[in-house]
Amino acid sequence: MLQNNRSYQVCSYCVMDNTNPGITFDSNGQCNCCRDAVARKPHEWWPNDEGRASLKAIIDGVRNEMSNRPYDAIIGLSGGVDSAYVAHLLAREYGLRLLAVHVDGGWNTQAAVRNIELLVRSLDIDLHTEVIEWEEMRDLQLAYLRASVLNQDAPQDHAFFSTLYKLAKKYNQKHFFSGVNFSSESIHIPAGGYPAMDARNLRAIHRAHGATSLRTFPVMSSLQYLWLVKVRRQVQIVKPLNYLPYDKEAAKRLLVQTYGFVDYGGKHQESRFTKFYQEIYLPARYSFDKRRLHYSALIVAGQITRDRAMQELSNPLLSEQQAMRDKRFVAKKLGIELLELERLMALPAIPHERYANNAALYRLNHALRRLIPRFS
């Protein structure tokens, strides 16, 4: 939402706009988000022979290091394109022995479930599915809606990463291959989100607005997360798609042709709740269309023109009928009336920092990452 009476403006290079106060423009009308992405591009994305050679060297090193263990690496499988293509790449092209992890938070689409089943069977990958106790997930998500904070996807994201590191320890795994990629995810808004791994914030929100105890929900403390992941690096995170000329649409076509992959819709919409959050909650609460992040990243990657992106943004996210169906589904799943969900969506936005948090710890980590490469 525009603040300080700023007039509406769209970036001259990408399609980010100033609905978020963290977005600013230079004298040429280019926003700070895509300027930052363009500056990072040579250091984070290597879509050439050199990148592929580097990836092969990494994979050969992983294979040699883990040769006496049952798995070479661990991957997450959501049923979406990026993680599915990573599974295809590592298992079929490089022959790695993979342990796939899927965290079921109760919001899987049928397409996502089918995609996972098709992949693990075709690639002969072992799959560990962790099912989050639904009443606890439901209670935590209702607490977040009542708290009226920005990152409504934090419960799902926290459960995924906590489970991933728990299983990495259980199976003695040192390498996690992620589907996160520069070509479609390079755009970040300064102070535009809140870390899902802030367990102190998660527990504070639940204490204030929850009704049941989180007996089995996989909570990982902020200190443990930062120490194991960012400092000690107990699990090395590898982003193989950053070493390739990764094109999401081309990857999707390959997955459809090879495995019968089912298209589930927009980016990160394998989850029905994430779909609701991105297509309904964010536009209604913050006047923000998350497609702008994705299209702007594709512009930086040279995979779409700005004119094409603007044309796509002129199409509505979804029809009024679709929006109503999605809201009814979410309300029913959460066990509340539609009117109650709409009331929660209309509450004043509250900063995460209003609740107990470890924001200072994450800011310190971010500063260290900029100063000391080993913390990156």
Using only heavy-atom distances, determine whether the side chains of [X] and [Y] contain a donor-acceptor pair under 3.5 Å.
| X | Y | value |
| --- | --- | --- |
| D198 | H158 | no |
| Y246 | D82 | yes |
| R285 | Y281 | yes |
| Y144 | H209 | no |
| E44 | S186 | no |
| E135 | T212 | no |
| S287 | T19 | no |
| Y8 | D17 | yes |
| E65 | H175 | yes |

Quiz item: Just how far is it from atom CG of D307 to atom CD1 of I304, taken to the nearest 0.5 Å?
Solution: 10.0 Å
Quiz prompt | Interatomic distance, M197 atom CE to N358 atom CG [nearest 0.5 angstrom] | solution = 11.5 Å
Does atom [atom1] of [X] have more than 12 heavy-atom neighbours, drawn from other residues, nucleotides or ligands, at distances under 6.0 Å?
| X | atom1 | answer |
| --- | --- | --- |
| E93 | CD | yes |
| N64 | CG | yes |
| R306 | CZ | yes |
| E353 | CD | yes |
| D49 | CG | no |

Quiz item: Would you say the side chain of Q156 lies within less than 4.5 Å of the side chain of S271, judging by non-hydrogen atoms?
Solution: yes
Which heavy atom of [X] sits nearest to which heavy atom of [Y], and what is that distance?
| X | Y | result |
| --- | --- | --- |
| D72 | Q173 | C-OE1, 3.6 Å |
| F217 | A159 | CZ-CB, 3.8 Å |
| P155 | L140 | CB-CD2, 3.7 Å |
| Y165 | F161 | CD1-O, 3.0 Å |

Self-check item: Parallel, tilted or perpendicular: ring planes of F276 versus F273, cut at 30 and 60 degrees
Solution: tilted
Exercise. If the plane angle is over 60° it's perpendicular, under 30° parallel, otherwise tilted; pick one for W107 and W134.
Key: perpendicular
Practice problem: Compute both the distance and the angle, then confirm whether R272 meets the cation-pi test with F329: under 6.0 Å from the six-membered ring centre, within 45 degrees of the axis. | Solution: yes
Quiz item: Counting distance only, does the side-chain N/O of R52 pair as donor-acceptor with the main-chain N or O of L244 below 3.5 Å?
Solution: no
Self-check item: Any residue meeting salt bridge (charged side-chain N to carboxylate O under 4.0 Å, His left out) with K239, in chain and number order, not counting sequence neighbours
Solution: none
Exercise. Please determine which of T163, N108, T129 meets the side chain to side chain donor-acceptor pair (under 3.5 Å) test together with H102.
Key: N108
Exercise. Let me see the working for S184 and N181 under side-chain hydrogen bond (donor to acceptor under 3.5 Å, both in side chains), right down to the final yes or no.
Key: CA-CA 6 Å; S184 64; N181 62 91; 2.7 Å; yes
Self-check item: Cluster check V103, V113: I/L/V/M/F/W/Y, side chain < 4.5 angstrom
Solution: no
